[in-house]
*Asks:* 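Could you have a look at this structure, given as structure tokens, before my questions?
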Amino acid sequence: MVKPDLSVEIGTVKLKNPVMTASGTFGYGEEFLPFYDISRLGGIVSKGLSPLPREGNPPVRIVETPAGMLNTIGLQNVGVDAFIEEKLPPLRERGTTVVANVFGETVREYAEVCSKLDSAEGLAAIELNVSCPNVKHGGMIFGNDPTALAEVTRACRAVTRLPLWVKLSPNVTDITETARAAEAEGADALSLVNTFLGMAIDVERRRPVLTRISGGLSGPAIRPMAVWMTWQVHQSVKIPLVGMGGIVEATDALEFILAGASAVQVGTSNFVHPDAAIRVLEGLETYLARKDIGSIRELVGSLETRVEV
Ligand SMILES: Cc1cc2nc3c(=O)[nH]c(=O)nc-3n(C[C@H](O)[C@H](O)[C@H](O)COP(=O)(O)O)c2cc1C
């Protein structure tokens, strides 16, 4: 039997398969090496990188919730320089496809990190995390305002030739507005979605569970909303999409692919099963073989919405 073709293209980025791991849930890949060969994945996305190292927020910064978790890690990371010098070379030698996730508190910080990554060897793309407060504008979140999102996308586009993926926030009224703003400024692809804002309360202590009060909700709890947003954005832009939000199994990944995503990322599920992404990959292979589908690309955006008669 001929093996199904799992390779996909996100613009100019060729991936051996559509299964990646999501930023912040897979570190820089090292911790997962005892579990499987991470170069089997379509790619990995680094933890969000800033100009300088950051320690993140004080604990408590993670809490389990029904079908998911809330986190307020606070963008802890090694900083872009240490990433380029220490984390990237072993991944490159291993043949792992790496996308660098980037954030900043100002447009200038975003551009500074992108400019440094531009000259790093062995990166497939940059993914902009725009779910960050803009300190120059009173803490407004970049990704919640199409104008601010356009500005940060434009500034990063100007300093790098690497493919630029903009990762959309779901905490907006109409996600197609921010999607179109990023596309208009030259984004090569859109990743969606980041976490949904939420909070949990300890009723015994009458205190928020998380030290920073609110956090980002992820995991299966958000999947239907993330799939719906993927479908909406697919109908609004021409650039490729990378879908995520609560993917645990291959069928979850297929929901995003049918809704229009060319690739997917597995996030919170890595905390439950370190080999979650490989399980998703193997499940996709089985699905294609069972359905006698030659290439996963045939499925992208192929959702049938006409009423059956
Ligand atoms: C602990 C944790 C840390 C995260 N850190 C980042 C980050 O640094 N940058 C980013 O763009 N998204 C970050 N995310 C969001 C995930 O990449 C992903 O968009 C989100 O969790 C939805 O996918 P999931 O339900 O599969 O986890 C983080 C999520 C979690 C749970």
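For ligands, and for the atoms within them, numbers begin at 1 and follow the listed sequence. These numbers come from the heavy atoms of this one structure, side chains and all, not from hydrogens, waters or symmetry mates.
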*Asks:* Record the part of Val193 in heavy-atom contact with ligand 1 below 4.0 Å; permitted values are side chain, backbone, both and neither.
*Replies:* backbone

*Asks:* May I ask you to identify the nearest protein heavy atom to atom 15 (C) of ligand 1, giving residue, atom name and distance to one decimal place in Å?
*Replies:*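 Residue, atom and distance for the closest contact: Asn194 OD1, 3.4 Å.
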
*Asks:* Tell me which protein heavy atom sits closest to atom 12 (N) of ligand 1, plus the residue, atom name and distance to 0.1 Å.
*Replies:* Lys167 NZ, 3.0 Å

*Asks:* With heavy-atom distances below 4.0 Å as the criterion, list the atoms of ligand 1 near Gly48.
*Replies:*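 In order of numbering, the contacting atoms are 8 (O).
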
*Asks:* When you measure from atom 8 (O) of ligand 1 to every protein heavy atom, which one gives the shortest distance, and what is it?
*Replies:* Lys47 NZ, 3.0 Å

*Asks:* Which residues satisfy the salt bridge (charged side-chain N to carboxylate O under 4.0 Å, His left out) test with Arg180, sequence neighbours excluded?
*Replies:* none

*Asks:* Please determine if Asn101 has a nitrogen or oxygen closer than 3.5 Å to a nitrogen or oxygen of ligand 1.
*Replies:*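 Looking only at distances, the answer is yes, because the N/O contact criterion of under 3.5 Å is met.
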
*Asks:* For ligand 1, which atoms have a heavy atom of Thr268 less than 4.0 angstrom away?
*Replies:* 24 (P), 25 (O), 26 (O), 27 (O), 31 (C)

*Asks:* Ignoring hydrogens and geometry beyond distance, is a side-chain donor-acceptor pair present between Asn57 and Thr72 at under 3.5 Å?
*Replies:*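 The answer is yes; a qualifying pair exists.
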
*Asks:* Just to confirm my output: which protein heavy-atom neighbour is closest to atom 21 (O) of ligand 1, and how far is it?
*Replies:*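 For atom 21 (O) of ligand 1, the nearest protein heavy atom is Ser218 CB, 3.2 Å.
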
*Asks:* Charged N to carboxylate O below 4.0 Å: is that the case for Glu282 and Arg40?
*Replies:* yes

*Asks:* Side-chain heavy atoms nearer than 4.5 Å, only ILVMFWY residues, links allowed to pass through others: does that put Ile175 and Ile239 together?
*Replies:*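 Ile175 clusters together with Ile239.
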
*Asks:* Is it true that the side chains of Thr268 and Ser218 contain a donor and an acceptor less than 3.5 Å apart?
*Replies:*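 Result is yes, a qualifying pair exists.
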
*Asks:* Test of understanding: with side chain to side chain donor-acceptor pair (under 3.5 Å), list the residues that count as partners of Glu109, not counting sequence neighbours.
*Replies:* none

*Asks:* Is Gly219 near ligand 1, meaning one of its heavy atoms is under 4.0 Å from it?
*Replies:* yes

*Asks:* May I ask you to list the atoms of ligand 1 that are less than 4.0 angstrom from any heavy atom of Thr195?
*Replies:*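 Those qualifying, in numeric order: 20 (C), 21 (O).
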
*Asks:* Please state which protein non-hydrogen atom is closest to atom 3 (C) of ligand 1 and give its distance, to 0.1 Å?
*Replies:* Gly24 O, 3.4 Å

*Asks:* Do Phe142 and Tyr110 have ring centroids that are under 6.0 Å from one another?
*Replies:*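 Yes - the distance between ring centres of Tyr110 and Phe142 falls below the 6.0 Å cut-off.
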
*Asks:* Hey, quick one: are Met20 and Leu299 part of the same hydrophobic cluster, counting side-chain heavy atoms closer than 4.5 Å, chains of contacts allowed?
*Replies:* yes

*Asks:* Could you tell me the residue and atom name of the protein heavy atom closest to atom 6 (C) of ligand 1, and the distance to it rounded to 0.1 Å?
*Replies:* Ser23 O, 3.3 Å

*Asks:* Any carboxylate oxygen within less than 4.0 angstrom of a Lys/Arg side-chain nitrogen, looking at Glu298 and Lys291?
*Replies:* no

*Asks:* Can you find an N or O of Ser269 that's nearer than 3.5 Å to an N or O of ligand 1?
*Replies:*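 No - when backbone and side-chain N and O of Ser269 are compared with those of ligand 1, no distance drops under 3.5 Å.
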
*Asks:* Centres of the Phe26 and Phe32 rings: under 6.0 Å?
*Replies:* yes

*Asks:* In Å and rounded to the nearest 0.5 Å, what is the CG to NZ distance from Asp81 to Lys116?
*Replies:*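 Asp81 atom CG to Lys116 atom NZ measures 3.5 Å (nearest 0.5 Å).
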
*Asks:* Find all atoms of ligand 1 within a distance of less than 4.0 Å from any non-hydrogen atom belonging to Ala22, and give their numbers and elements.
*Replies:*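 Matching atoms, with element in brackets: 17 (O).
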
*Asks:* Note the single closest protein heavy atom to atom 26 (O) of ligand 1, along with its residue, its atom name and the distance in Å.
*Replies:*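 Looking at atom 26 (O) of ligand 1, the protein heavy atom closest to it is Gly267 N, 3.1 Å.
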
*Asks:* Using a 4.0 Å cutoff against the non-hydrogen atoms of Leu75, which atoms of ligand 1 qualify?
*Replies:*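 Counting from 1, the qualifying ligand atoms are 8 (O).
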
*Asks:* Looking at Gly246, which atoms of ligand 1 are within less than 4.0 Å of one of its heavy atoms?
*Replies:*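 So the atoms of ligand 1 that pass are 24 (P), 25 (O), 26 (O).
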
*Asks:* From the options Asn71, Val45, Val266, Leu128, select the one whose nearest heavy atom is closest to atom 30 (C) of ligand 1.
*Replies:*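 Checking each option, the heavy atom nearest atom 30 (C) of ligand 1 is found in Asn71.
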
